[in-house]
Amino acid sequence: MDHLTAPTLSEILDEPIIVALMNRDGMTAETLRQLLEQVGRNLRDREDRLAA
């Protein structure tokens with residue numbers, strides 16, 4: 001990982017501490033990706049409604 005740029009989501013999800021926390025909480029990387037995609041869609045929808 002290049003420390004001059006922000007890590008990608010994949011890089012973050014591959015970090016051992018993140019993997020350990022997800023395992024502890026019963027979360028998979030795919031489930032977390034889906035959650036983040038849904039949150040992003042909800043935020044875009046909200047911005048669209050406010051802009052209208």
Side-chain angles (χ1 to χ4, degrees):
M1 176 171 37
D2 183 354
H3 295 286
L4 298 177
T5 61
T8 65
L9 179 58
S10 293
E11 290 171 332
I12 292 169
L13 294 178
D14 286 340
E15 287 290 324
I17 189 69
I18 301 300
V19 171
L21 289 170
M22 288 190 305
N23 286 338
R24 180 199 67 189
D25 295 339
M27 178 69 73
T28 66
E30 182 58 30
T31 301
L32 185 53
R33 281 185 200 337
Q34 290 172 0
L35 174 64
L36 292 172
E37 287 173 7
Q38 182 63 48
V39 168
R41 281 191 300 271
N42 290 350
L43 288 171
R44 283 188 298 278
D45 290 347
R46 180 179 171 204
E47 288 175 358
D48 289 346
R49 284 192 308 272
L50 291 174

Discussion item. Starting from Val19, can I reach Leu21 by hopping between I/L/V/M/F/W/Y residues whose side chains sit under 4.5 Å apart?
Written reply: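 No, Leu21 does not connect to Val19 through the hydrophobic network.
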Practice prompt. Any chance you could measure Glu47, atom CD, to Asn42, atom CG, to the nearest 0.5 Å?
Written response: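 One finds 11.5 Å between CD of Glu47 and CG of Asn42.
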Item to complete: Starting at CD1 of Ile18, measure out to CG of Asn23 and round the result to the nearest 0.5 Å.
Response: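 Taking CD1 in Ile18 and CG in Asn23, the distance rounds to 11.5 Å.
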Worksheet entry | Arg46 atom CZ: more than 12 heavy-atom contacts under 6.0 Å |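 Result for CZ/Arg46: open.
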Practice prompt. Identify which one of Leu32, Thr28, Ile17 satisfies the side-chain contact (heavy atoms from CB on, under 4.5 Å) criterion when paired with Met22.
Written response: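 It is Leu32; the other options fail the test.
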Practice prompt. For Gln38 and Gln34, test the side chains for any donor-to-acceptor distance below 3.5 angstrom and give the result as yes or no.
Written response: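 Absent: no donor and acceptor within the cut-off.
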Discussion item. Which heavy atom of Thr8 sits nearest to which heavy atom of Glu11, and what is that distance?
Written reply: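 So the two residues come closest at N-OE1, 2.8 Å.
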